[in-house]
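Here the structure is laid out as structure tokens; the discussion comes afterwards.
Side-chain atoms are counted along with the backbone in the values below, which use heavy atoms only and exclude waters and symmetry mates. Atoms within a ligand are numbered from 1 in the order they appear, just like the ligands themselves.
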Amino acid sequence: MKSYIGPKAILEKKKKYIMPCLAHFFQDPPEFVKGSMQYLFDTEGKKYLDCFAGVSVINCGHCNPEITQKVVEQVQSLQHVCNIYLTENFVNLAEKLAEVTPGKLQKSFFCSTGSEANEGALLLATIYTKSSEFIALRNGLHGRTKLGMSVTGIGMWRTDPNPCGGISFAPNPYCYRCPLGKKYPECDLECANQIEDIIKTATSGNPAAFIAESIQGNAGIVVPPKGYFKRVKEILEKYNTLLIIDEVQTGFARTGKMFAIENFDVEPDIMTMAKALGNGAPISAFIASAKIADTYTRPGASTLGGNPVSSAAGLAVLSYIEEHNLLQNAYDRGVQLREGLAELAKKHPIIGDIRGLGLMNGAEFVHADKSPAFNELDEVLEEMKNRGFIIGKNGISRNVMAFQPPLVITEENINDVLNNLDDVLTNKKL
Ligand code: PMP
């Protein structure tokens, strides 16, 4: 039996050797040592239902045997050569991505993280349009790199005291707490309309791109209302401004569609993806139409971007999603979860709003006056963890319970989470 150092020693080493920006979750955190599909196991062998999937990474399940086998085969035959030499996995993966992404998206650039993919997408937009002005959304999250962080609107992730200039922020389509104090649909999508004012008043007239997550993840699972992205695209087209959609958290069947933007019937000009593409292997990409992509001609490559092993993982992920119909399961289990949460909200007033698509769902915890109930949420998440359920948390006030489980989660699993949540909320009189 392998021995483990355990949570206490990990926390001590973390404090001594890891930069303090990396927070940890739970007051009494377990050490995870094993994963199997929708389940995690700690050092004591205790089993947990994973309802967060490492923030929408493990869409196909932990250590999925079909994917692991392909990765192991590749590790054992060829792990890496400089990508100026020929190997075939990355071109096969790029071909597959061209097939499964919306519209004319065709040519990919592979890298390793979501931040890099967004940084690359913003660079491509600059090369194509010759502008380096951008519009982003309030409370969006796009990464830790210089420009990626500069277009990130969520306060807690804007660490850089001197972000890049030329970036304007538009109000985010957060209907539960509309930043413009309006109500949908009477608002006539004022949050989208304001993008035109921003272009006219805060830019030189033709900004390179507008970047947004199709559903804002860290902002608290903020799902735009119907028509939002269509209106945005109409405005952008008038000013030759590109639409960059960040699918880092929402891609690969998470919302019941291969990419969340398909729920809004809009074709992005450039799209970014990461996390679930590798199901745990580091791989990310940005993809654009041939017309846009073909302007990126100066040398550009990422050492490990699209390496044979990560690309094997990507190919295995796409096959698994298709062969096991994860789109349908994400859709069906998402409906079941939201219906169950809606029932709980009738009994437990702390649940103020439920929103999501497929298996990307948030339940916002609020007090009677709608103020964020973040302490209560922490207590509930701790108790759920003790009962064997790992559930996430996000939102600018850290008061949104986040359900982003592996897409292989079953009907019985969802009933189990809902029953336990009901019990915990009842015991805590919330
Ligand atoms: N975009 C979105 C929507 C994200 O959620 C994240 C990470 N949470 C990133 C970009 C950055 O990805 P990474 O941490 O892989 O650089």
Side-chain angles (χ1 to χ4, degrees), residues 19 21-23 25 52-59 109-123 125 134 136-160 163 167 169 172-174 209-224 229 243-252 254-255 259-261 263-264 268 270-287 302 304-307 310 313-314 317 356-362 392-396 398 400 402-404:
M19 298 201 189
C21 54
L22 185 66
F25 205 53
F52 204 37
V55 200
S56 289
V57 171
I58 309 295
N59 284 12
F109 182 112
F110 289 111
C111 26
S112 305
T113 66
S115 302
E116 264 183 282
N118 284 323
E119 192 81 16
L122 295 162
L123 172 66
F134 297 101
L137 279 184
R138 213 177 275 180
N139 296 339
L141 174 72
H142 301 292
R144 276 166 301 95
T145 48
K146 181 79 185 178
L147 188 51
M149 188 178 281
S150 302
V151 293
T152 286
I154 194 163
M156 70 179 278
W157 297 109
R158 283 177 66 78
T159 308
D160 186 345
I167 295 162
F169 289 92
N172 59 337
Y174 183 12
F210 167 81
I211 183 167
E213 298 154 84
S214 35
I215 296 175
Q216 291 188 307
N218 285 54
I221 318 289
V222 173
V223 186
F229 277 115
L243 174 64
I244 301 176
I245 290 293
D246 176 340
E247 290 275 352
V248 167
Q249 215 174 119
T250 48
F252 302 99
R254 170 64 44 200
T255 64
F259 295 97
I261 194 66
N263 293 292
F264 303 98
I270 307 176
M271 200 167 84
T272 66
M273 58 194 88
K275 298 190 193 277
L277 172 56
N279 203 56
I283 181 163
S284 67
F286 56 99
I287 185 167
S302 152
L304 289 172
N307 69 78
S310 294
V317 161
L357 288 172
L359 283 171
M360 175 128 180
N361 295 288
K393 172 174 84 164
N394 53 33
I396 49 165
R398 315 300 292 148
V400 179
F403 292 91
Q404 299 164 245

Not counting sequence neighbours, which residues clear ring pair (Phe, Tyr, Trp, His ring centres under 6.0 Å) with Phe264? List them please.
->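 With sequence neighbours excluded, Phe264 shows a ring pair (Phe, Tyr, Trp, His ring centres under 6.0 Å) to Phe229, given in chain and number order.
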
4.5 Å side-chain heavy-atom contact, [X] and [Y]:
X	Y	answer
Ile215	Leu357	yes
Thr152	Ile154	yes
Leu137	Phe210	yes
Gln404	Ile221	yes
Gln249	Gln216	no

Of the protein's non-hydrogen atoms, which lies at the shortest distance from atom 15 (O) of ligand 1, and what is that distance?
-> Gly114 N, 2.8 Å

Suppose I only count heavy atoms of [X] and a 4.0 Å limit; which atoms of ligand 1 are within that range?
X	value
Asn118	1 (N), 10 (C)
Thr113	15 (O), 16 (O)
Glu213	3 (C)

Is there a heavy atom in Lys275 that sits closer than 4.0 Å to ligand 1?
->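 True for this residue.
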
Min heavy-atom dist Val55 to ligand 1 below 4.0 Å = no

If you draw a 6.0 Å radius around CZ in Arg144, do more than 12 non-hydrogen atoms from other residues or ligands fall strictly inside?
-> no

Which part of [X] is near ligand 1, with near meaning a heavy atom under 4.0 Å away: side chain, backbone, both or neither?
X	answer
Val248	side chain
Arg144	side chain
His142	backbone

For the residue pair Ser214 and Glu247, confirm or rule out a side-chain donor-acceptor distance under 3.5 Å.
->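 The criterion, which ignores hydrogens and geometry beyond distance, is satisfied for Glu247 and Ser214.
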
How are the rings of Phe252 and Phe259 set to each other: parallel, tilted or perpendicular (split at 30° and 60°)?
-> perpendicular

Polar contacts were defined as any N/O atom of the residue lying under 3.5 Å from an N/O atom of the ligand; does this apply to [X] and ligand 1?
X	answer
Gly143	no
Ser115	yes
Gln249	yes
Asp246	yes

